[in-house]
Amino acid sequence: MKTKKIFFIILITTMFSISGCAQTDTPEELKYSYDLVDDFFLYKSNDDIVGIAIKSNNSNENEEKKKIILENISKVSWNENFILAEQIERIQLGKEEKKVYWIINSNTQQIYGPTEYEEFNNQRKELNIDENLELKSPDSYKK
């Protein structure tokens with residue numbers, strides 16, 4: 001009987017700890033979000049997940065489909081035509097990190113990325129994106 005009780009306690013504890021890890025990113029669970037350009041916005045969840053998403057007028061659309069870059073944005077910048085982002089990509093269960101880069105054309109909603117830094121810079125030149133558009137920490141834009 002004592003073994004069943006211990007097993008039950010372990011089972012309940014495990015279930016609560018797993019359910020506490022769910023990430024839904026509903027508006028009530030955000031630390032902050034702010035508009036970038038057009039319908040794009042940057043968000044930071046209570047789990048410190050920083051991503052870029054697009055607003056949709058279609059309330060039936062799945063929330064995941066609205067997310068462009070899901071997480072780990074370390075730097076971002078934008079102007080009236082483009083959004084630039086640096087993302088930390090975790091490899092091998094978070095042991096190794098790699099930086100990848102994104103360009104989003106807000107006018108056409110075309111997404112370039114993820115790319116290596118050299119390809120990012122080449123794409124940036126091809127698209128005539130202002131060289132002075134500097135990537136910064138998302139927290140630096142908070143109001």
Side-chain angles (χ1 to χ4, degrees), residues 4-143:
K4 286 184 181 179
K5 198 180 245 186
I6 291 172
F7 176 75
F8 182 73
I9 291 171
I10 291 171
L11 180 65
I12 296 297
T13 306
T14 304
M15 287 174 49
F16 278 114
S17 64
I18 290 172
S19 67
C21 294
Q23 297 173 1
T24 58
D25 287 332
T26 59
E28 308 84 56
E29 295 175 356
L30 295 179
K31 283 186 178 176
Y32 63 79
S33 72
Y34 49 84
D35 293 336
L36 299 175
V37 62
D38 294 333
D39 289 334
F40 293 92
F41 67 98
L42 185 131
Y43 63 88
K44 183 171 185 174
S45 73
N46 284 335
D47 296 323
D48 287 331
I49 294 173
V50 179
I52 294 176
I54 188 165
K55 297 174 188 171
S56 173
N57 294 331
N58 183 356
S59 60
N60 294 328
E61 189 174 0
N62 182 333
E63 287 295 318
E64 287 301 314
K65 288 185 179 179
K66 296 179 198 174
K67 294 178 181 176
I68 309 283
I69 305 173
L70 298 179
E71 60 186 13
N72 301 329
I73 293 178
S74 55
K75 294 183 180 177
V76 67
S77 65
W78 68 94
N79 63 19
E80 61 278 351
N81 299 309
F82 295 99
I83 301 168
L84 309 178
E86 175 187 270
Q87 178 186 33
I88 305 290
E89 204 173 62
R90 298 215 183 347
I91 304 167
Q92 297 177 356
L93 299 174
K95 292 182 181 179
E96 188 179 333
E97 293 182 348
K98 173 183 164 187
K99 292 180 182 177
V100 295
Y101 298 86
W102 299 78
I103 298 174
I104 301 169
N105 183 327
S106 63
N107 298 317
T108 64
Q109 295 188 0
Q110 183 159 358
I111 300 167
Y112 306 90
T115 64
E116 302 289 326
Y117 186 73
E118 186 176 331
E119 188 177 339
F120 168 77
N121 274 333
N122 290 339
Q123 190 70 48
R124 192 174 170 163
K125 288 175 187 171
E126 285 178 29
L127 295 169
N128 294 319
I129 299 173
D130 186 359
E131 291 177 14
N132 295 323
L133 198 57
E134 180 186 349
L135 291 166
K136 298 179 186 177
S137 165
D139 289 338
S140 69
Y141 297 104
K142 267 188 350 184
K143 294 177 183 174

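Within the 3.5 Å criterion, the main-chain N or O of V37 finds no donor-acceptor partner in the side chain of E80. The closest donor-acceptor contact from the side chain of S106 to the backbone of N81 lies under 3.5 Å.
In plain terms, the two heavy atoms of I73 and P138 that are nearest each other are O-CG, 3.8 Å. When every heavy atom of I54 is checked against every heavy atom of F41, the shortest pair comes out as C-CE2, 4.0 Å.
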Evaluation steps, side chain to side chain contact (heavy atoms under 4.5 Å, CB included), between K44 and L30: CA-CA 6 Å; K44 183 171 185 174; L30 295 179; over 6 Å; no

Yes or no on side chain to side chain contact (heavy atoms under 4.5 Å, CB included) for L135 and Y101, after CA distance, side-chain angles and deciding distance? CA-CA 10 Å; L135 291 166; Y101 298 86; 4.3 Å; yes

Evaluate the criterion side chain to side chain contact (heavy atoms under 4.5 Å, CB included) for residue pair Y32 and L42; output intermediate values, then yes/no. CA-CA 8 Å; Y32 63 79; L42 185 131; 3.9 Å; yes

Quick one: do Q87 and W102 satisfy side chain to side chain contact (heavy atoms under 4.5 Å, CB included)? Show the steps, please. CA-CA 8 Å; Q87 178 186 33; W102 299 78; 2.9 Å; yes

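Within the structure, salt bridge (Lys or Arg N to Asp or Glu O under 4.0 Å) contacts touching residues 114-130 (residues at least two apart or in different chains) are K98-E116. Among residue pairs with one or both ends in residues 100-109, none qualify as salt bridge (Lys or Arg N to Asp or Glu O under 4.0 Å); sequence neighbours excluded.
Under the side chain to side chain donor-acceptor pair (under 3.5 Å) criterion, W78 pairs with no residue, sequence neighbours left out. Looking at residues two or more places apart in sequence or on another chain, you find a side chain to side chain donor-acceptor pair (under 3.5 Å) between S74 and E86. N79 pairs by the side chain to side chain donor-acceptor pair (under 3.5 Å) definition with nothing, not counting sequence neighbours. The salt bridge (Lys or Arg N to Asp or Glu O under 4.0 Å) search around K31 returns D48, not counting sequence neighbours.
Here NZ of K99 is found 13.0 Å from CD of E89. Values are rounded to the nearest 0.5 Å. Residue I49 holds its CD1 atom at 7.5 Å from CG of N72, rounded to the nearest 0.5 Å. Rounded to the nearest 0.5 Å, atoms CZ (F120) and CG (L84) are 4.5 Å apart. To the nearest 0.5 Å, atom CD1 of residue I104 and atom CG of residue N107 are 12.5 Å apart. Between atom CZ of residue F82 and atom CD1 of residue I129 there is a gap of 4.5 Å, rounded to the nearest 0.5 Å.
No side-chain N or O of N105 forms a donor-acceptor pair with one of Y112 less than 3.5 Å apart.
You'll find the side chain of D38 stays beyond 4.5 Å of the side chain of Q109, heavy atoms only.
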